[in-house]
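This report refers to the structure that appears directly beneath it.
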Amino acid sequence: MKILNEKEQNLIINDNIEQMETDEADNKLFEKERKKYILKGLSSLFSCIINTFGYFSIWVLGNSVVYLISFRRHYNPKLTFSYGYFLFPIMNFTLDLTSPLGGILEHNIGGKSTIILSTLILCVSLLLLYISRNIFFDYIIMSIIGLGIAVGINITRKNICSYFMKRKALICGILYLVSDFLCAFLNIFNEKYILNPLSENPTIENVYYNEKIFLNFQKLIIFEIGFLIVTTAITIILFYPNDPKETIKYGFNDETQDNKKKSDNNENKDNGLKKSKIKKAIYSMRTLNLYAMIFLFYPTIDFMYNSWRPIGIYYKIDTYYLQLTTALYNIISSMSSITFSLIGDKIQFRTVFVLFSFILTINAFLFPLSVYSHIFFISEVMIMAFVLTGFYILLDPHIMKVYGMDNFIEIGGIIRSSGGFSEMFTIVFAFYLENYFSGNKNNVYKIMYYISGCLNIIALILGLFETDEKFNYND
């Protein structure tokens, strides 16, 4: 064994000291970069919240449909509120159908450019809605608005979930919680200070508003355009596209660097790999089952969401109770967001879906009776709000978990399109029933809720076959 002299020992000691200093410097640099990464993630989270709030403000306009129909009746006195049922379902249908377009545009022109394009489409569409005087032209405009939302709504959501892969449900819950909370105030602001500052009840046939009130709808459109421009500007400033490799490097993803490199190499070898994966997933029985679950589940939540306010007006529930119901709806939605954001990553989607289907089935059969009691009516809407928000919070993380983050926008958009088809089917069928019963809304409401309750039973059965296991693209 060689005995080192003093000089050689000093050299080794110095080398060790230098190595330790280098390691310490590397660790400090790593921690500094990690903190920067976390700050970028938090900035992107805030960007996503503002962006989501901007898009959600479009749905807040749904509470002003009665003002829009009152406006259109000024030019077509024979127009009934039934035509208003189609406005937001058409928007949602187009949104769900064109959701994959956002992923394609993001890949080609980048996330920020896609968001700007989305806002441009929305602002032009709202300007067209401002000058429109025909309900059928409004349908076309709402479909364009749906396209505008579809282009940009998932960009920031996908980005922020990629920052925090381990807590996707928590992130989605925060988005819905804060957005619903802000939308509650926005809805009150719109109603109190823009649409109906004097809280006047409808004066025409006790259903529609007069010219003094409905002209405020145009003011709301201008406000919404300005609101979208401001929220988009804030979104672009705070938006930081995430690099998935950094997510792994800084410990926010369970995937290893080696697995990521293998995945990257496979994608480089085959440019058509992603298309092949998407095609395989779309035509699988598992995706078909999930598609059918959502299609059968949607009629109850969509019909209740779109009709509870018109039902309240039809059965002459006082404006005070309708405004109270709107406020409580947003509060309950926030509570649902908190609940499922905290437990969403720890529970199976199947368990919650089956429970939700059971609750909505009971709700659907009892809702036609709720109009005879204000407390019963408010309670039914609150239950619907809790289930609806919880379902939306859990659906996207489930799709991300099963099909992978890279395929989320495309496959998720296709799966969610079942909701669009379901909603259009529901509204068209309700419109047919109203004509069949010569405008007797009492029969229409009862039949629609009983049918949607039966469909929920089938959705519940299909939900028993859903799992949280990752989709196997190799079989």
Original post:
Should the ring pair Tyr83 and Phe136 be called parallel, tilted or perpendicular, given that the plane angle runs from 0 to 90° and is split at 30 and 60?
Top reply: perpendicular
Subject >> Residue pair Ile411 / Ala281: nearest heavy atoms and the distance that separates them >> reply: CD1-CB, 3.7 Å
**OP:** Measure from the side-chain N and O atoms of Asn363 to the backbone N and O of Ile359, and report whether any donor-acceptor pair falls under 3.5 Å.
**Re:** no
**OP:** Report the distance from atom CD of Glu224 to atom OG1 of Thr231, rounding to the nearest 0.5 Å.
**Re:** 8.0 Å
Original post:
Is there side-chain contact between Trp59 and Ile149, with heavy atoms separated by less than 4.5 Å?
Top reply: yes
**OP:** Give a yes or no on whether Phe46 atom CZ has more than 12 heavy-atom contacts from other residues, nucleotides or ligands under 6.0 Å away.
**Re:** no
**OP:** Verify ring-ring contact (aromatic ring centres under 6.0 Å, His included) between Phe340 and Phe356, making sure each step is shown before the conclusion.
**Re:** CA-CA 13 Å; Phe340 291 103; Phe356 282 173; 5.4 Å; yes
Original post:
With Asp396, which residues qualify under salt bridge (charged side-chain N to carboxylate O under 4.0 Å, His left out), at least two apart?
Top reply: Arg157, Arg416
**OP:** Starting from the C-alpha separation in whole Å, work towards a yes-or-no answer on side chain to side chain contact (heavy atoms under 4.5 Å, CB included) for Glu466 and Phe353.
**Re:** CA-CA 9 Å; Glu466 181 63 18; Phe353 182 85; over 6 Å; no
Subject >> Pairwise distance CZ(Arg286) to CZ(Phe465) - rounded to 0.5 angstrom >> reply: 14.0 Å
Subject >> Validation row, ring centre Phe297 to ring centre Phe391 under 6.0 Å >> reply: yes
Original post:
Rounded to the nearest 0.5 Å, what separation is found between the CD1 atom of Ile50 and the CG atom of Leu175?
Top reply: 11.0 Å
Original post:
Side chains of Thr94 and Leu97: does their closest heavy-atom pair fall under 4.5 Å?
Top reply: no
**OP:** Would you check if the side chain of Ser284 reaches a backbone N or O of Thr287 as a donor-acceptor pair within less than 3.5 Å?
**Re:** yes
Subject >> Heavy-atom pair of closest approach, residues Ser57 and Leu186 >> reply: CB-CD2, 3.5 Å
Original post:
Does a side-chain heavy-atom distance below 4.5 Å link Val178 with Leu182?
Top reply: yes
Original post:
If you look only at pairs with a residue in residues 95-105, which of them pass as a side-chain hydrogen bond (donor to acceptor under 3.5 Å, both in side chains), with sequence neighbours excluded?
Top reply: none
Original post:
Does any non-hydrogen side-chain atom of Ile115 lie less than 4.5 Å from one of Lys112?
Top reply: no
Subject >> Validation row: Ile145, Ile141 side chains within 4.5 angstrom (heavy atoms) >> reply: yes
**OP:** Mark yes when over 12 heavy atoms from residues, nucleotides or ligands other than Tyr450 sit less than 6.0 Å from its OH; otherwise mark no.
**Re:** yes
**OP:** Compute the ring centroids of Phe93 and Phe425, then answer whether they are less than 6.0 Å apart.
**Re:** no
**OP:** Kindly say whether Phe239 contributes a backbone atom to a donor-acceptor pair with the side chain of Ser44 at under 3.5 angstrom?
**Re:** no
Original post:
Looking at CG of Leu462 and CD1 of Ile457, how far apart are the two atoms once the value is rounded to the nearest 0.5 Å?
Top reply: 12.5 Å
Original post:
Minimum heavy-atom separation for Gly463 to Val354, with atom names?
Top reply: C-CG2, 4.0 Å
Original post:
Do Phe365 and Cys454 touch side chain to side chain, with heavy atoms closer than 4.5 Å?
Top reply: yes
Original post:
Side-chain donor-acceptor pair under 3.5 Å between Thr232 and Thr119, yes or no?
Top reply: yes
Original post:
Are the side chain of Ser336 and the backbone of Gly390 linked by a donor-acceptor contact shorter than 3.5 Å?
Top reply: yes
Subject >> side chain to side chain contact (heavy atoms under 4.5 Å, CB included) assessment of Leu395 paired with Ile294 >> reply: CA-CA 10 Å; Leu395 180 60; Ile294 297 173; 3.9 Å; yes
Original post:
Okay, side chain of Ser118, backbone of Thr114: is any donor-acceptor separation there less than 3.5 Å?
Top reply: no
Original post:
Are Leu238 and Leu45 side-chain neighbours, meaning at least one heavy-atom pair lies under 4.5 Å?
Top reply: no
Original post:
So do Ser64 and Asn190 actually touch side chain to side chain, heavy atoms under 4.5 Å?
Top reply: no
Subject >> Partners meeting side chain to side chain donor-acceptor pair (under 3.5 Å) with Thr351 (sequence neighbours left out) >> reply: none
Original post:
What do you reckon, is CZ of Phe185 surrounded by more than 12 foreign heavy atoms closer than 6.0 Å?
Top reply: no
Subject >> Verdict with reasoning, Tyr298 to Asn92, per side chain to side chain contact (heavy atoms under 4.5 Å, CB included) >> reply: CA-CA 12 Å; Tyr298 256 72; Asn92 292 331; over 6 Å; no
**OP:** Could you go through the side chain to side chain contact (heavy atoms under 4.5 Å, CB included) check for Met293 and Ser418 one step at a time?
**Re:** CA-CA 9 Å; Met293 285 165 53; Ser418 63; over 6 Å; no
Original post:
By side chain to side chain contact (heavy atoms under 4.5 Å, CB included), which residues pair with Asn187, not counting sequence neighbours?
Top reply: Val60, Asn63, Thr326
Original post:
Looking at residues at least two apart in the chain, or sitting in another chain, which of them share a side chain to side chain contact (heavy atoms under 4.5 Å, CB included) with Ile221?
Top reply: Leu126, Leu129, Tyr130, Phe217, Ile225
Subject >> Minimum heavy-atom distance between Leu455 and Pro299, given as atom pair plus value >> reply: CD1-CG, 3.8 Å
Using distance only, find each side-chain donor-acceptor pair of residues 378-387 under 3.5 Å and give its atom names and separation, not counting sequence neighbours.
{"residue": "Ser379", "atom": "OG", "partner": "Ile375", "partner atom": "O", "Å": "2.8"}
{"residue": "Glu380", "atom": "OE1", "partner": "Phe367", "partner atom": "N", "Å": "3.3"}

Subject >> Greater than 12 external heavy atoms within 6.0 Å of Phe376's CZ >> reply: yes
**OP:** Mind listing the closest non-hydrogen atom pair of Leu61 and Phe88 along with its distance?
**Re:** C-CZ, 3.6 Å
Original post:
If every non-hydrogen atom of Ile160 is compared with every non-hydrogen atom of Gly41, which pair is closest and at what distance?
Top reply: CD1-O, 3.2 Å
Subject >> Under 3.5 Å donor-acceptor, Ser422 side chain and Gly419 backbone >> reply: no
**OP:** Enter the distance from Ile135:CD1 to Tyr139:OH here, rounded to the nearest 0.5 Å.
**Re:** 4.5 Å
Subject >> Reported CG-to-CG distance for the pair Asn456 and Leu360, which is rounded to 0.5 angstrom >> reply: 5.0 Å
Subject >> Ser452 side chain vs Met448 backbone, donor-acceptor pair below 3.5 Å >> reply: yes
Original post:
Can any side-chain N or O of Tyr473 pair as donor or acceptor with the backbone N or O of Tyr403 at less than 3.5 Å?
Top reply: yes
